[in-house]
Trainee: 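One structure follows; several queries about it will come next.
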Amino acid sequence: MTSAGSRRGTASWDESDVRIRPNKKGSRPRTKDRPAHEDAVTGRIITVDRGRYTAVVDEDTNAERVVIAARARELRRSPVVAGDLVALVGDVSGEPDTLARLVRIQERRTLLRRSADDTDPVERAVVANADQLVIVVAAANPEPRTGFIDRALVAAYDAGIQPLLCVTKADLKDPSDLLANYEHLDLLIITSQTASTPDAVETTSATGASALLAPGAVEQLKELLDGKVSVLLGHSGVGKSTLVNALTGANRATGGVNAVTGRGRHTSSSAYALKAADSAPGTWIIDTPGIRSFGLAHVEADRILAAFPDLAPGTEDCERGCRHDAAAVNCGLDGWVASGAAGESGPVRLSSLRRLLGAGVEPSQGAKELGMQ
């Protein structure tokens with residue numbers, strides 16, 4: 001049996017005989033042009049939780065409010081972190097059960113980054129647009145780790161963020177030996193201790209735990225953080241959240257130290273930005289989760305060396321191509337430290353630098369050295 005179509009000559013075909021299948025993804029042609037969203041409002045991200053972004057809109061005005069947003073599809077591969085300034089569209093009223101759409105991330109002034117370890121090339125954004133990095137360590141319980149301090153300093157200098165060192169629990173142990181390692185640096189250092197005096201600053205966390213802080217350190221920190229965006233970074237158990245509570249009047253959960261491992265218990269699960277109490281507009285304090293490691297795989301060797309200004313001048317006497325490791329011949333750093341130019345802490349600082357550069361450290365050992373001396 002011959003079909004009607006086969007009996008028709010090729011010249012009798014026209015466009016009406018051609019069937020066009022509809023596009024499963026829709027009939028609208030795809031385009032790379034995105035809406036400008038000129039009506040978008042600016043928000044500051046204060047925390048991120050399971051695909052939802054909490055932002056403050058109309059900051060420091062009578063209309064200030066908190067808006068919850070979801071990220072637009074075109075931004076799904078762009079990390080959004082606390083401190084980011086973003087463009088929001090849709091329902092930005094901040095009313096309960098409303099959801100805005102995050103369509104753009106504004107250019108960042110600074111970006112604090114880290115990697116999982118020193119062999120992982122994938123960098124992780126920690127906090128955006130911070131002015132200061134407050135490195136928080138305890139004088140004891142848990143014991144301070146100069147390796148972690150050095151790593152945090154490298155990350156701060158690399159990001160263009162001003163570092164501060166805050167040593168808590170100074171009443172438990174004299175931190176002089178620790179601080180001697182940084183006496184040759186232009187690094188502002190603040191010490192804090194628990195206190196039982198009538199003018200002590202008491203903080204209470206969401207778990208009901210309370211802590212007393214000497215008022216001097218809290219007031220000094222408030223003055224230094226005024227008008228700036230500051231991020232607090234430290235291991236669990238060093239008193240970071242306690243400081244945040246004292247500075248902001250919040251009730252961030254606080255925790256102690258495990259008696260077996262000597263490590264702090266995690267109390268913060270995500271970075272969270274809070275306004276400082278009784279401070280100038282634009283004063284934000286970002287509390288970060290306690291960290292176990294702070295990798296620097298994303299930082300080039302020259303930039304790591306630049307974070308050791310007490311040692312860097314010694315490289316002027318190095319031969320071209322010197323790696324500055326223990327195996328290097330005629331490395332200028334050895335003579336620089338031996339001459340005392342880097343101070344009494346020079347040998348310890350040089351050892352720390354060479355660990356960060358990965359000189360002579362096997363990968364398995366390097367993982368153990370993360371954040372530790």
Trainee: Step by step, would you call E123 with R114 a salt bridge (charged side-chain N to carboxylate O under 4.0 Å, His left out)?
Mentor: CA-CA 6 Å; E123 66 179 52; R114 74 178 184 93; over 6 Å; no
Trainee: Rounded to the nearest 0.5 Å, what separates atom CG in L233 from atom NZ in K240?
Mentor: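 Rounded to the nearest 0.5 Å, the CG-NZ separation comes to 7.5 Å.
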Trainee: Of all the heavy-atom pairs spanning R113 and A155, show the shortest one and how long it is.
Mentor: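 Shortest heavy-atom separation between R113 and A155 comes out as O-CB, 4.1 Å.
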Trainee: Is there a donor-acceptor contact under 3.5 Å linking the side chains of D287 and S241?
Mentor: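 Short answer, yes.
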Trainee: Looking just at side-chain N and O atoms, do T42 and Q106 make a donor-acceptor pair shorter than 3.5 Å?
Mentor: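 Yes, because at least one side-chain N or O of T42 sits under 3.5 Å from a partner of the opposite role on Q106.
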Trainee: Would you call E64 and K275 a salt bridge, using N to O less than 4.0 angstrom?
Mentor: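 K275 and E64: salt-bridged.
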Trainee: May I ask you to decide whether R44 forms a salt bridge with D84, counting only side-chain N to carboxylate O separations under 4.0 Å?
Mentor: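 Salt bridge: no.
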Trainee: Could you measure the distance from the OH atom of Y272 to the CD1 atom of I285? Nearest 0.5 Å is fine.
Mentor: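 That separation rounds to 14.0 Å.
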Trainee: Please name the pair of heavy atoms, one in L353 and one in L311, separated by the smallest distance, quoted to 0.1 Å.
Mentor: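 What the structure gives for the nearest pair is CD2-CD1, 3.9 Å.
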Trainee: With side chains defined as the heavy atoms from C-beta onward, is the minimum distance between D186 and P309 less than 4.5 Å?
Mentor: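 Side chain of D186 against side chain of P309, heavy atoms only: no contact under 4.5 Å found.
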Trainee: Salt bridge or not between R349 and D150? Use side-chain N to carboxylate O under 4.0 Å.
Mentor: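 Yes, R349 and D150 are salt-bridged.
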Trainee: State which residue, out of K228, R109, Q162, fulfils the side-chain hydrogen bond (donor to acceptor under 3.5 Å, both in side chains) condition with D131.
Mentor: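 With D131 as partner, K228, R109, Q162 yield a single side-chain hydrogen bond (donor to acceptor under 3.5 Å, both in side chains), made by R109.
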Trainee: What's the spacing between C166 SG and I135 CD1 if we round to 0.5 Å?
Mentor: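 Reported to 0.5 Å precision, the distance equals 10.5 Å.
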Trainee: How about Y53 and R71: does a side-chain donor come under 3.5 Å of a side-chain acceptor?
Mentor: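 Yes, side-chain donor-acceptor contact under 3.5 Å.
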Trainee: Quick check for you: to the nearest 0.5 Å, what is the distance between N141 atom CG and T168 atom OG1?
Mentor: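 Answer for the CG-OG1 pair, N141 versus T168, is 9.5 Å.
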Trainee: Any carboxylate oxygen within less than 4.0 angstrom of a Lys/Arg side-chain nitrogen, looking at R354 and D334?
Mentor: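 Yes, R354 and D334 are salt-bridged.
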Trainee: With rounding to the nearest 0.5 angstrom, report the CD to CG distance, E219 to L224.
Mentor: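 Spacing of CD (E219) from CG (L224) equals 11.5 Å.
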Trainee: Any Lys/Arg nitrogen of E143 or K173 sitting under 4.0 Å from an Asp/Glu carboxylate oxygen of the other?
Mentor: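 Counted as a salt bridge, because a side-chain N and a carboxylate O are separated by less than 4.0 Å.
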Trainee: One pair to check against side chain to side chain contact (heavy atoms under 4.5 Å, CB included): V244 and I286. What are the steps and the verdict?
Mentor: CA-CA 8 Å; V244 170; I286 305 178; over 6 Å; no
Trainee: Got D310 and Y182 here, is their nearest side-chain heavy-atom distance under 4.5 Å?
Mentor: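 The answer is no, as the side chains (C-beta and beyond) never meet within the 4.5 Å cut-off.
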Trainee: Roughly how far, to the nearest 0.5 Å, is OG1 of T146 from CZ of R355?
Mentor: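 Separation between the atoms: 6.5 Å.
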Trainee: Only one of C331, S351, P347, S345 clears side-chain contact (heavy atoms from CB on, under 4.5 Å) with V337; which?
Mentor: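 Answer after filtering C331, S351, P347, S345: P347.
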